[in-house]
Protein chains: 2
Amino acid sequence: MSRRIPASTIRRLSHYLRSLEDIEGEGRETVSSEELADRGQTTAAQVRKDLSHFGSFGKRGLGYRVDELRVRLLEILGVDRVWKVALIGAGRIGSALFEYPAFESRGYECVAIVDADPEKIGAMWGALRIRPPEEIESLIGSLGIELFILAVPAQAAQQITDRAVGAGIKGILNFAPIRLKVPSHVAVEDVNLVMQLEALSFAITQRG
Amino acid sequence: MSRRIPASTIRRLSHYLRSLEDIEGEGRETVSSEELADRGQTTAAQVRKDLSHFGSFGKRGLGYRVDELRVRLLEILGVDRVWKVALIGAGRIGSALFEYPAFESRGYECVAIVDADPEKIGAMWGALRIRPPEEIESLIGSLGIELFILAVPAQAAQQITDRAVGAGIKGILNFAPIRLKVPSHVAVEDVNLVMQLEALSFAITQRG
DNA sequence: CGTCGCTTGTGAAAAACGTCACAAAATCTA
DNA sequence: TAGATTTTGTGACGTTTTTCACAAGCGACG
Ligand SMILES: NC(=O)c1ccc[n+]([C@@H]2O[C@H](COP(=O)([O-])OP(=O)(O)OC[C@H]3O[C@@H](n4cnc5c(N)ncnc54)[C@H](O)[C@@H]3O)[C@@H](O)[C@H]2O)c1
Ligand SMILES: NC(=O)c1ccc[n+]([C@@H]2O[C@H](COP(=O)([O-])OP(=O)(O)OC[C@H]3O[C@@H](n4cnc5c(N)ncnc54)[C@H](O)[C@@H]3O)[C@@H](O)[C@H]2O)c1
């Protein structure tokens, strides 16, 4: 029941949630920390310590009720509700993300698409019309958008971020390979695939 | 000059490399740990500690020679050469990745594309013809492929991984939302965007 | 009801990681 | 050449995160 939670704990909670969904699909009703650990590349003690930050959800001698723990993890991770998301940048990566069904199944609902290209503005993607960047502030306000998926070229990313922050955005999933400057109350997660490839080549070179 | 390097150090080295390229573009010849720290959201002591794992590259009173350190980081990260990469899964995310120029500019060269869809097999993407999964082993062998970018549905991912591992693959950038089982000499980096969105909604919910 | 087997929750110990502080090395100035 | 100035490299220190170990809680069963 502590205050500051390690980022690594959060990543593991997401894994536990996914494992619980699998286990529920197998028709099981309870699960032990040891089994969650096995499915998640961690240890039973780590599972229990992670969960203990948020309360005590298990029964000694028995384990955790799968459905109960699943619901608690949804609450902890904040995915027990719908999040309104805007996609900024209707390019190659943006179009792949827009059609990716995993977001919506976790409650991340894309309610707006923005692009600067005059050829794209006005086009329909599914039920959504692509909007120009000038409308960013009004879209955030009128649609209750809290999250941005930012998939624009690096040189446009900071400027858009500044406007989004001004309009009250709360979190940004950033695909542009730059470090966005945001005030401390705005959360940013970076997706940097080149860095991940570099981690692979480092690991391989190291052992080699 | 130590043995086991923290993953967080490797991530920061990638950032330093990117900063050095920027600094070189500005025509500067030397840089201090303090300036690298400012550009990388870390501290000067951290920069020096990170680098000290691999040797001592600076000059006291002066700092680091930009070009020299850049080249050393390229070597350390293993990107001072070309890596042959195969793209497995020519779907939505696969097509975005294939056209992403940042990979090739770091020496990650896509030399093969594989897909199981009979409609896609045989089609040309740029200069490459899409291959069927049966050819995975022979492609790895004949083209010297060391890295996979795995962009297939989750239920196909483990099976392809097993075959790739059998054929000698060394690293996998995995987009499928499952934890791949691989022997310890194979490196895996997972890209899991849903988990990153969950980290955002957790952070926002927490402060809220 | 008492005991037995199982599994949690959690302080305490250990390990990993980051920060601090300063001697040493280099340049610059005069 | 001496002294002032700058900035590295690194051991010592502090904090965070993981692992360990076990008392306590729960169900089952005779
Ligand atoms: N393609 C990939 O696989 C990939 C992977 C990881 C990261 N990224 C990053 O994602 C970003 C987009 O990459 P992409 O490959 O989709 O590029 P892209 O050129 O295909 O798409 C970018 C889109 O952003 C739009 N845009 C440009 N300026 C804008 C602005 N000011 N406001 C709104 N929209 C604007 C463009 O019109 C275009 O439609 C880049 O930063 C890239 O580095 C791409
Ligand atoms: N679309 C996204 O934005 C996105 C983002 C992150 C992760 N992912 C993940 O990436 C993977 C692919 O997603 P997608 O959206 O591109 O799906 P997709 O259906 O558009 O593409 C998948 C491709 O893989 C091919 N395929 C299927 N089985 C195969 C096999 N055994 N061997 C070779 N190829 C095979 C299919 O023919 C198809 O072309 C999924 O695991 C998904 O969860 C997708």
Side-chain angles (χ1 to χ4, degrees), chain A residues 1-16 19-20 23 28-73 76 199 202-203 206, chain B residues 1-16 19-20 23 28-73 76 199 202-203 206:
Chain A
M1 279 289 201
S2 74
R3 201 78 258 292
R4 188 110 208 116
I5 310 294
S8 46
T9 291
I10 304 310
R11 245 175 290 126
R12 286 191 298 265
L13 292 183
S14 291
H15 277 298
Y16 304 155
S19 296
L20 288 167
I23 291 165
R28 310 263 309 286
E29 300 219 327
T30 63
V31 65
S32 67
S33 57
E34 190 173 352
E35 179 168 358
L36 279 176
D38 289 346
R39 296 186 183 237
Q41 197 63 63
T42 180
T43 67
Q46 183 72 76
V47 172
R48 299 199 296 274
K49 180 69 84 180
D50 285 340
L51 297 175
S52 77
H53 287 119
F54 304 95
S56 66
F57 313 122
K59 283 221 186 340
R60 297 172 191 227
L62 191 65
Y64 303 88
R65 294 203 54 80
V66 174
D67 183 62
E68 198 178 305
L69 184 55
R70 185 179 62 76
V71 170
R72 285 295 290 125
L73 287 181
I76 290 167
F202 172 80
Q206 210 62 355
Chain B
M1 279 288 203
S2 75
R3 199 79 259 291
R4 187 107 209 119
I5 310 294
S8 44
T9 289
I10 304 309
R11 246 175 289 126
R12 285 190 298 266
L13 293 183
S14 292
H15 276 299
Y16 304 154
S19 297
L20 288 167
I23 291 166
R28 308 263 310 285
E29 300 218 328
T30 64
V31 65
S32 67
S33 57
E34 189 173 354
E35 179 167 358
L36 278 175
D38 289 346
R39 296 186 183 237
Q41 197 64 61
T42 180
T43 66
Q46 182 72 76
V47 172
R48 298 199 296 274
K49 178 72 83 178
D50 285 339
L51 296 177
S52 77
H53 286 120
F54 303 96
S56 67
F57 313 123
K59 283 221 186 343
R60 296 173 191 224
L62 189 66
Y64 303 88
R65 295 203 54 81
V66 173
D67 183 60
E68 197 178 305
L69 184 56
R70 185 179 62 76
V71 169
R72 285 297 289 126
L73 287 180
I76 291 167
F202 173 80
Q206 208 63 354

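Quantities reported herein were computed from a predicted structural model and do not represent experimental measurements. Chain A is the first sequence line, chain B the second, and so forth, proteins listed ahead of strands; every chain is numbered from 1.
Taking every side-chain heavy atom of B/S52 into account, D/dT10 is the closest of D/dC22, C/dA12, D/dT10.
Going from atom CZ of A/R65 over to atom P of C/dT7 covers 16 Å, rounded to whole Å. One can place CZ of A/R4 at 9 Å from P of D/dT17, the figure rounded to the nearest angstrom. For the pair A/L62 CG and C/dT7 P, the computed distance is 9 Å after rounding to whole Å. Atom CZ of B/F54 is separated from atom C1' of D/dT8 by 18 Å (rounded to the nearest Å). Protein atom CZ of A/R48 is 16 Å distant from nucleotide atom C1' of D/dT17, rounded to whole Å. Between the NZ atom of B/K59 and the C1' atom of C/dT27 there is a distance of 12 Å, rounded to whole Å. Per the geometry, NZ belonging to A/K49 stands 13 Å off C1' belonging to D/dC22, to the nearest Å. Spacing between atom CD of B/Q46 and atom P of D/dG9 amounts to 15 Å, rounded to whole angstrom units.
The pair B/E35-B/R28 counts as a salt bridge, with a side-chain nitrogen and a carboxylate oxygen less than 4.0 angstrom apart.
B/T42 meets the side chain to side chain contact (heavy atoms under 4.5 Å, CB included) test with B/R12, B/Y16, B/A37, B/Q46, B/V47; sequence neighbours excluded.
Annotation: the span from B/L51 atom CG to B/L13 atom CG amounts to 6.5 Å, rounded to 0.5 Å. Of the inter-residue distances, the one linking B/Q206 atom CD with A/I10 atom CD1 reads 7.0 Å to the nearest 0.5 angstrom.
Residue A/S8 is classed as a sugar-phosphate contact, given heavy-atom separations below 4.0 Å to backbone atoms only.
Side-chain atoms of B/R60 come within donor-acceptor range of the base of D/dT8, with a qualifying N/O pair under 3.5 Å.
Residues A/F57 and A/E68 approach most closely at O-OE2, 4.0 Å, considering heavy atoms. Listed here is the closest heavy atom pair of B/I23 and B/V31: CD1-CG2, 3.6 Å. Taking every heavy atom of both residues into account, A/R72 and A/F54 meet most closely at NH2-O, 3.8 Å.
Taking 4.0 angstrom as the limit, B/Y64 places none of its side-chain polar atoms (N or O) nearer than this to OP1 or OP2 of C/dA26. Between C/dT8 and A/S56, no contact under 4.0 Å exists linking OP1 or OP2 to a side-chain N or O.
With the 3.5 Å cutoff on both pairing distances, Watson-Crick and G-U pairs in DNA chain C assemble into runs of at least 3 at C:1-30 with D:1-30.
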